[in-house]
Protein chains: 2
Amino acid sequence: MNREPIETCEVSVIHEDVLARVKAKMPDEEPVYEVSELFKVFGDSTRARIICALNIEEMCVCDLAVLLGMTQSAISHQLRLLKVARIVRSRKQGRVVYYALDDAHIGQIFAMAFDHVMEEMEG
Amino acid sequence: MNREPIETCEVSVIHEDVLARVKAKMPDEEPVYEVSELFKVFGDSTRARIICALNIEEMCVCDLAVLLGMTQSAISHQLRLLKVARIVRSRKQGRVVYYALDDAHIGQIFAMAFDHVMEEMEG
DNA sequence: CTAAAGCATGAACAATTGCTCATATGTTCA
DNA sequence: TGAACATATGAGCAATTGTTCATGCTTTAG
């Protein structure tokens, strides 16, 4: 197959072999996108602190607001996001709503990232 | 201890015992903040795809741009972020710069999140 | 029933983000 | 030395994000 280099292409491939291998091994687009969406939820300090707290114990919105020194509204908005992302589940008892982590994996992923950060902060 | 409820406080504590326990067990603010910063870097689909690719094999900017169907500039900007976050390291050979994952932990954290997402997509 | 407590939610606004475009830097080759 | 290539970077812009403020909903107490 005699192929001319495509001149109209602005970006040229340097290593065709590398590209072929990586293309073959790359995971599907969809799960990668989902993973980044999951990380996006973790990537806010307020939500990260909420997750850390709920990883210790189930809590209501009000107590979370006091713990983190933020308004009830701000906490509630973030909890909504966390619930949509299936990171948190809620349980209503009277007029109090208790939130808890929905999945044990979440705590594990957080713990792993925590270890990584701790190592970085020493070295 | 007879304590009056603090009336001037806008947000009242409902469960003092829970609050005390969680406060005692909560990790320090700084590492939690660092963890959320790390996740923030992961929380963009372009960067997530770059990390996935580099988890397979070292690649140059040009090939990454072709692989992901994006401009060289966009990829370069993101690689800069990844490098500042110490997620990626670079090696210059001639006029080509090769990027690779800087830490094995990164791939592990990603793999863990990937598993979680896959389970979610089935159930 | 009414008032208050606990929580949810929509609108609005400032701040951040990711990309594009233009251009600069550094390297190789003729 | 000059042209071409690979990459880096600053400015600018549209889109997204996190919080506040005001208000609505639901449940309990009186």
Side-chain angles (χ1 to χ4, degrees), chain A residues 5-7 9-15 18-19 33 36-37 39-51 58-85 88-100, chain B residues 5-16 18-19 33 36-37 39-51 58-85 88-100:
Chain A
I6 305 164
E7 298 178 67
C9 185
E10 295 175 1
V11 186
S12 56
V13 183
I14 302 184
H15 311 90
V18 174
L19 206 61
Y33 184 77
S36 72
E37 287 298 302
F39 283 138
K40 190 175 293 179
V41 178
F42 293 163
D44 171 77
S45 57
T46 299
R47 289 192 293 269
R49 290 163 77 210
I50 291 177
I51 292 170
E58 178 189 67
M59 289 182 80
C60 71
V61 180
C62 180
D63 290 348
L64 273 170
V66 174
L67 176 71
L68 305 184
M70 301 186 64
T71 66
Q72 173 268 318
S73 178
I75 299 295
S76 189
H77 275 295
Q78 298 295 12
L79 284 171
R80 188 178 194 280
L81 263 179
L82 291 169
K83 193 172 180 181
V84 168
V88 139
R89 77 182 125 78
S90 65
R91 173 178 73 86
K92 192 167 188 176
Q93 185 174 310
R95 52 192 167 192
V96 181
V97 179
Y98 295 94
Y99 283 86
Chain B
I6 305 162
E7 298 178 68
T8 52
C9 183
E10 295 176 2
V11 186
S12 56
V13 184
I14 301 184
H15 312 89
E16 271 191 75
V18 173
L19 206 60
Y33 185 77
S36 73
E37 286 300 299
F39 284 138
K40 191 175 291 178
V41 178
F42 294 162
D44 171 77
S45 57
T46 298
R47 290 191 294 268
R49 289 162 78 209
I50 291 177
I51 292 170
E58 179 189 66
M59 290 183 80
C60 71
V61 181
C62 180
D63 290 348
L64 272 171
V66 174
L67 176 71
L68 306 184
M70 301 186 65
T71 66
Q72 173 268 320
S73 178
I75 298 294
S76 188
H77 275 294
Q78 298 295 11
L79 284 171
R80 188 178 192 282
L81 262 179
L82 290 169
K83 193 172 180 181
V84 169
V88 139
R89 76 182 125 75
S90 65
R91 174 177 72 86
K92 192 166 187 175
Q93 185 174 309
R95 51 192 168 191
V96 181
V97 179
Y98 296 94
Y99 283 87

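Since this is a predicted model, take the numbers as computed values, not measurements. Chain naming here is simple, since letters A, B, ... match the order of the sequence lines and numbering starts at 1 in each.
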For this session: Looking only at side-chain atoms of B/H77, point me to the closest of C/dA8, C/dC21, C/dG10.
Result: C/dC21
For this session: Apply side chain to side chain contact (heavy atoms under 4.5 Å, CB included) to the pair B/K40 and B/E37, showing each step before the final yes or no.
Result: CA-CA 5 Å; B/K40 191 175 291 178; B/E37 286 300 299; 3.3 Å; yes
Exercise. At under 4.0 Å, does any side-chain N or O of A/S76 touch on OP1 or OP2 of C/dC7?
Worked result: no
Exercise. What integer distance in Å separates A/L81:CG from C/dT9:C1'?
Worked result: 13 Å
Exercise. Any idea which of D/dT20, D/dA6, C/dT20 is nearest the A/I14 side chain?
Worked result: D/dA6
For this session: Take the protein atom NZ of A/K92 and the nucleotide atom P of C/dA5, then report the distance between them rounded to whole Å.
Result: 17 Å
Problem set entry | Check: D/dA6 base within 3.5 Å donor-acceptor of B/Q72 side chain | no
Exercise. Does A/Q78 put a side-chain nitrogen or oxygen below 4.0 Å from OP1 or OP2 of D/dT19?
Worked result: yes
Problem set entry | Side-chain touch A/L79/A/L64, heavy atoms, less than 4.5 angstrom | yes
Problem set entry | A/M70 CE to D/dG18 C1', straight-line distance once rounded to whole Å | 8 Å
Exercise. Under the 3.5 angstrom rule, does the side chain of B/D63 hit a backbone N or O of A/L19 as a donor-acceptor pair?
Worked result: no
Exercise. Side chains of A/L68 and A/I50: does their closest heavy-atom pair fall under 4.5 Å?
Worked result: yes
Problem set entry | Nearest-angstrom distance from the residue atom CD of B/E37 to C1' of D/dT17 | 14 Å
Exercise. A/F39 versus B/R47: any side-chain heavy-atom pair under 4.5 Å?
Worked result: no
Exercise. Counting just side-chain N and O atoms, does A/Y99 come under 4.0 Å of either OP1 or OP2 of C/dG6?
Worked result: no
Problem set entry | Nearest-angstrom distance from the residue atom CD1 of A/I75 to C1' of D/dG18 | 12 Å
For this session: Measure from CG on B/L79 to C1' on D/dT9 and round the result to the nearest Å.
Result: 13 Å
Exercise. Hey, are the side chains of A/H77 and A/S73 touching, using non-hydrogen atoms and a 4.5 Å cut-off?
Worked result: yes
Exercise. Does B/S73 have a side-chain nitrogen or oxygen under 4.0 Å from the phosphate oxygens OP1 or OP2 of C/dT20?
Worked result: no
Exercise. Got A/I51 and A/L82 here, is their nearest side-chain heavy-atom distance under 4.5 Å?
Worked result: yes
Exercise. For residues 39-48 of chain A, which residues have at least one heavy atom under 4.0 Å from DNA chain C?
Worked result: none
For this session: Report the residue (B/Y98 or A/A74) whose heavy-atom-nearest nucleotide on DNA chain D is the more 5′ of the two.
Result: B/Y98
Exercise. Residues in side chain to side chain donor-acceptor pair (under 3.5 Å) with A/R91, at least two apart?
Worked result: A/E58, A/Q93
For this session: Whole angstrom is fine here: how far is it from CD in A/Q93 over to C1' in C/dA5?
Result: 15 Å
Exercise. For the pair made of CZ in A/R80 and P in C/dG10, what is the distance, rounded to whole Å?
Worked result: 6 Å
Exercise. Of all the choices, C/dA8, C/dG26, D/dA11, which nucleotide is nearest to the side chain of B/R95 once you look at every atom?
Worked result: C/dG26
Exercise. Of the candidate nucleotides C/dC7, D/dT7, D/dG18, which contains the atom at the shortest distance from the side chain of B/V61?
Worked result: D/dT7
